[in-house]
Protein chains: 2
Amino acid sequence: MTERPPTPVRLRTAAVELFAERGFNGTGIRDIATRAETTLSSLYHHCGSKDDLLVDIMFTTIEPLLRAAEKVRATLAGPAEQLSMIVEQHVWAHGVDPQANIVSDTEVRALSGERRDQIIVLRDAYEEFWQETVAEGVQDGSFDVEHPRIVTRALLEMCTSVSHWYRPTGELALDDLSHLYADRALALMGARSRRSDLQIPEPAHFLG
Amino acid sequence: MTERPPTPVRLRTAAVELFAERGFNGTGIRDIATRAETTLSSLYHHCGSKDDLLVDIMFTTIEPLLRAAEKVRATLAGPAEQLSMIVEQHVWAHGVDPQANIVSDTEVRALSGERRDQIIVLRDAYEEFWQETVAEGVQDGSFDVEHPRIVTRALLEMCTSVSHWYRPTGELALDDLSHLYADRALALMGARSRRSDLQIPEPAHFLG
DNA sequence: GTCTATATGCAGATAGAC
DNA sequence: GTCTATCTGCATATAGAC
């Protein structure tokens with residue numbers, strides 16, 4: 001009963017899968033067209049060049065995370081609450097669509113020039129939300145950690161790596177995994193509180 | 001006064017640099033020969049195929065880490081001491097030669113067949129040292145953490161990511177960075193002790 | 001919108017002289 | 001051991017019919 005998705009969707013899905021598995025440079029455009037059960041010309045008709053396809057995947061993956069972090073910062077009060085929620089959004093996103101996030105997180109080097117710069121701006125703006133949240137937490141005594149900028153970057157990379165191993169069939173459902181990571185993020189920052197102590201509205205969805 | 005290294009060394013260095021910057025599939029064998037200031041035939045003469053070169057880089061990068069972890073487990077007493085030291089070795093190695101470690105950690109997918117399997121065996125054996133150490137710490141009460149296997153993997157990836165951003169000109173020297181990561185590893189595992197409380201012989205070098 | 005056919009260049013790898 | 005010259009195939013991208 002499942003309808004076959006329209007061609008542009010199939011192309012995009014195939015590209016995400018192959019870029020994640022074999023890398024951008026390890027994937028041929030014919031591989032993409034073949035997996036999407038269409039032709040090379042169809043790919044160029046719908047998606048433009050191979051680079052265009054990569055940029056599109058990256059943008060539509062990173063941008064919602066950036067907007068979600070923005071919303072968390074504008075909505076929740078308290079650095080512990082904000083950091084927990086940002087971590088949970090990030091882990092959830094990386095668990096629910098690991099392939100698109102692997103591509104976004106590892107293939108920036110395949111781009112060059114202006115388009116590369118634009119993606120890096122997005123990525124840096126996103127990290128800055130994490131950094132600001134932690135800095136405020138250190139300021140107001142919610143967190144107690146040396147070299148907070150370095151530890152925050154370590155935390156971000158720790159959460160990102162979820163996309164490399166998480167499988168929904170494992171010991172934890174994605175919601176539980178997100179909570180676990182938020183709890184460990186607080187431990188990493190030397191917070192007095194734990195995730196389960198916090199008052200956070202549930203369900204809290206800030207991702208489109 | 002610095003002598004130019006012999007050709008095989010220059011080739012290896014060039015390959016590590018380029019594989020780290022552009023990825024294995026983004027690097028041409030001519031690029032490697034050119035950067036090493038030699039020729040394509042010389043590359044094949046000394047290094048064999050492009051795949052051989054990658055496998056050699058990976059093996060000589062991962063194997064010392066595995067042996068170091070083995071030595072730590074055989075030499076130091078107590079899970080907190082062992083985990084701290086394993087973390088420090090790992091962070092130090094990833095900071096002192098980020099490029100070789102980036103290649104080893106991200107280009108496994110470029111291999112296939114038996115050689116790929118061999119690298120994965122090494123990598124899994126290495127992770128198992130981390131997992132056993134943490135499991136023993138949970139067992140004897142040194143650590144207090146839910147889902148230790150998942151958190152240990154998260155820790156490992158956090159430490160690995162050092163290779164993506166660490167620069168020796170930054171705010172921390174590599175020894176201090178290693179100590180910081182060891183300390184945060186203990187926090188992540190819910191250890192009562194901190195890195196500065198532990199009795200660990202200094203300098204402790206387990207890497208060749 | 002989707003197809004077949006093709007232009008153009010670079011990839012990995014090797015031959016054989018010196 | 002290092003060189004120049006070359007084989008072979010696949011890469012991205014496009015032309016033009018239907």
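Heavy-atom basis, side chains included; hydrogens, waters and symmetry copies ignored. Convention: sequence-line order gives letters A, B, ...; per-chain numbering from 1. Please read all numbers here as calculations on a predicted model, not as lab measurements.
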Quiz prompt | W92(B), CH2 atom: more than 12 neighbouring heavy atoms under 6.0 Å | solution = no
List, one per line, each side-chain donor-acceptor pair under 3.5 Å for residues 153-162 of chain B, sequence neighbours excluded.
| unit_1 | atom_1 | unit_2 | atom_2 | d |
| --- | --- | --- | --- | --- |
| R153(B) | NE | E127(B) | OE2 | 3.3 |
| R153(B) | NH2 | E127(B) | OE1 | 3.1 |
| R153(B) | NH2 | E127(B) | OE2 | 3.3 |
| T160(B) | OG1 | H90(B) | NE2 | 2.9 |
| T160(B) | OG1 | L156(B) | O | 2.9 |
| S161(B) | OG | M158(B) | O | 2.7 |

Practice problem: State which residues pass side-chain hydrogen bond (donor to acceptor under 3.5 Å, both in side chains) with S42(B); sequence neighbours excluded, sorted by chain then number. | Solution: T38(B)
Practice problem: Could you note down all residue pairs passing side chain to side chain donor-acceptor pair (under 3.5 Å) where residues 110-122 of chain A supplies at least one of them, sequence neighbours left out? | Solution: D52(A)-R115(A)
Exercise. Starting at atom CZ of R4(B), determine the distance to atom C1' of dG1(D), rounded to an integer number of angstrom.
Key: 13 Å
Exercise. Determine, stepwise, if the pair L174(B) / Y166(B) fulfils side-chain contact (heavy atoms from CB on, under 4.5 Å).
Key: CA-CA 9 Å; L174(B) 198 41; Y166(B) 178 75; 3.8 Å; yes
Quiz item: Contacts to DNA chain D from residues 36-44 of chain B, heavy-atom cutoff under 4.0 Å, which residues?
Solution: T38(B), T39(B), S41(B), S42(B)
Quiz item: Residues from residues 45-59 of chain A sitting under 4.0 Å of DNA chain D, heavy atoms only?
Solution: S49(A), K50(A)
Practice problem: Show your working on side-chain contact (heavy atoms from CB on, under 4.5 Å) between L54(B) and F19(B) and close with a plain yes or no. | Solution: CA-CA 9 Å; L54(B) 178 60; F19(B) 290 167; 4.2 Å; yes
Could I get a table of every N or O pair under 3.5 Å where one atom is in the protein and the other is in nucleotides 7-10 of chain D?
none

Quiz item: Partners of T106(A) by side-chain hydrogen bond (donor to acceptor under 3.5 Å, both in side chains), sequence neighbours excluded?
Solution: none
Practice problem: Scan residues 89-107 of chain B for pairs that pass salt bridge (charged side-chain N to carboxylate O under 4.0 Å, His left out), counting only residues two or more places apart or in two chains. | Solution: R109(A)-E107(B)
Exercise. Give the rounded distance in Å between these two atoms: CD1 of I29(B) and P of dA11(C).
Key: 8 Å
Exercise. Go through the steps for E146(A) and R184(B) under the test salt bridge (Lys or Arg N to Asp or Glu O under 4.0 Å), then give the verdict.
Key: CA-CA 10 Å; E146(A) 293 164 4; R184(B) 292 300 87 199; over 6 Å; no
Quiz prompt | salt bridge (Lys or Arg N to Asp or Glu O under 4.0 Å) evaluation trace for R35(A) with E21(A) | solution = CA-CA 13 Å; R35(A) 178 166 300 200; E21(A) 285 167 24; 3.6 Å; yes
Exercise. Answer yes or no: is there a donor N or O on one side and an acceptor on the other, between the side chain of K50(B) and the main chain of T27(B), under 3.5 Å?
Key: yes
Quiz item: CD of E63(A): more than 12 outside heavy atoms within 6.0 angstrom?
Solution: yes
Quiz item: side chain to side chain donor-acceptor pair (under 3.5 Å): which pairs involve residues 70-88 of chain B, sequence neighbours left out?
Solution: R73(B)-Q82(B), R73(B)-E132(B), R73(B)-T133(B), R73(B)-E136(B), E88(B)-R195(B)
Quiz item: Between the axis at one end of the helix from dG1(C)-dC18(D) to dC18(C)-dG1(D) and the axis at the other (five pairs apiece), what's the angle to 10 degrees?
Solution: 0°
Quiz prompt | Side-chain donor/acceptor of N101(B) to backbone N/O of A93(B), under 3.5 Å | solution = yes
Self-check item: Strand contacts (DNA chain D) in residues 17-28 of chain A, 4.0 angstrom heavy-atom criterion
Solution: T27(A), G28(A)
Exercise. Sequence neighbours left out, what passes salt bridge (charged side-chain N to carboxylate O under 4.0 Å, His left out) with D56(A)? Give chain and number order.
Key: R12(A)
